[in-house]
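Sequential numbering from 1 along the given sequence is applied to the chain's residues.
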Amino acid sequence: MTFIIIKTIHLFAAFIYGGFLITDNLFLNKMPRNLSADEHSKARESFMMFVRKVVPPSLIVAVLTGLYLISQVFGEVSENGMSSFQIMLSIKAFLGIWLGIRGFNQVYLKIQPFVFKSHLLPFAFVVTIIFFSQVMYF
């Protein structure tokens, strides 16, 4: 029962974080086409005011619950090496931990990334994680 509850929390937290990245990359970046620079700045800041309260804690919750879930399903590595499931799960874990460290540093420690300053790379990582989540059980 604990596993199901933590998995549900993980999914909601991941949806919040991933939803923000999808919204930012696919919609908010297109607003300058229809708005002046001042209007775009005001609209984006209005949106980000709420994002800053919800998204960073959701990311941290997604990473922590993801680590718990991995500890429950990874299994033992056989003599032949890791299975494709374990390899994809490891890649998902690496990407998720990278996102968590980047987000924690940026929001809580105020350390800005040196490269990849936009949300495009995190968006690509989230899409990769979603893809692996769908194919890793085959």
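- V127 and L28 fall within the same hydrophobic cluster, where Ile, Leu, Val, Met, Phe, Trp and Tyr residues are linked whenever their side-chain heavy atoms come under 4.5 Å apart, directly or through other members.
- Listed by chain and residue number, I97, N105 satisfy the side-chain contact (heavy atoms from CB on, under 4.5 Å) test with I101 (two or more places apart in sequence, or in another chain).
- Here the CZ-CG distance, from F123 to N29, works out to 10.5 Å after rounding to the nearest 0.5 Å.
- Between the CG atom of L95 and the CD1 atom of I129 there is a distance of 5.0 Å, given to the nearest 0.5 Å.
- Clustering ILVMFWY residues whenever any of their side-chain heavy atoms sit less than 4.5 angstrom apart, transitively, puts L89 in the very cluster that holds V126.
- Partners of E79 according to the side chain to side chain donor-acceptor pair (under 3.5 Å) rule, which considers only residues two or more places apart in sequence or in another chain, do not exist here.
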Evaluate the side-chain contact (heavy atoms from CB on, under 4.5 Å) criterion for residues S84 and M136: first the C-alpha distance (whole Å), next the side-chain angles of each, then the deciding distance (0.1 Å), finally the verdict. CA-CA 7 Å; S84 60; M136 62 193 245; over 6 Å; no
Show the atom names and distances, to 0.1 Å, of all donor-acceptor pairs under 3.5 Å that link a side chain in residues 46-59 to residues at least two apart or in another chain.
| residue | atom | partner | partner atom | Å |
| --- | --- | --- | --- | --- |
| R52 | NH1 | E45 | OE2 | 2.8 |
| R52 | NH2 | E45 | OE1 | 3.2 |
| S58 | OG | V54 | O | 2.9 |

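- Counting only residues at least two apart or in different chains, salt bridge (Lys or Arg N to Asp or Glu O under 4.0 Å) contacts with residues 125-138 are absent.
- Remark: S83 pairs with F85, Q86 by the side-chain contact (heavy atoms from CB on, under 4.5 Å) rule, at least two apart or across chains.
- The salt bridge (charged side-chain N to carboxylate O under 4.0 Å, His left out) test applied to K7 returns no partner, not counting sequence neighbours.
- Within the structure, ring pair (Phe, Tyr, Trp, His ring centres under 6.0 Å) pairs that include any residue of residues 14-38 comprise F20-H119 (at least two apart or interchain).
- Among residue pairs with one or both ends in residues 120-138, those qualifying as side chain to side chain donor-acceptor pair (under 3.5 Å) are K92-S133; sequence neighbours excluded.
- Judged as a salt bridge (charged side-chain N to carboxylate O under 4.0 Å, His left out), and not counting sequence neighbours, the contacts of R44 are D24.
- Distance check: S118 OG to N25 CG gives 6.5 Å after rounding to the nearest 0.5 Å.
- Closest heavy-atom contact between V61 and A13: CG1-CB, 3.9 Å.
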Side chains of residues 70-77: which donor-acceptor partners sit under 3.5 Å, not counting sequence neighbours?
| residue | atom | partner | partner atom | Å |
| --- | --- | --- | --- | --- |
| S71 | OG | Y68 | O | 2.5 |

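- In this structure, F104 belongs to a hydrophobic cluster whose other members, linked by side-chain heavy atoms under 4.5 Å apart, are I60, L64, V107, Y108, L109, I111.
- Residues M88 and L11 are members of separate hydrophobic clusters, defined by side-chain heavy-atom contacts under 4.5 angstrom among Ile, Leu, Val, Met, Phe, Trp and Tyr.
- Counting only distance, with no hydrogens or angles, the side chain of H10 and the backbone of A62 share a donor-acceptor pair below 3.5 Å.
- Under the 4.5 Å side-chain contact rule for hydrophobic residues, I9 and F12 do not share a cluster.
- Tested against T2 for a side chain to side chain contact (heavy atoms under 4.5 Å, CB included), the candidates I5, I6, I4 yield a single pass: I6.
- Not a single side-chain contact (heavy atoms from CB on, under 4.5 Å) links A124 to another residue, sequence neighbours left out.
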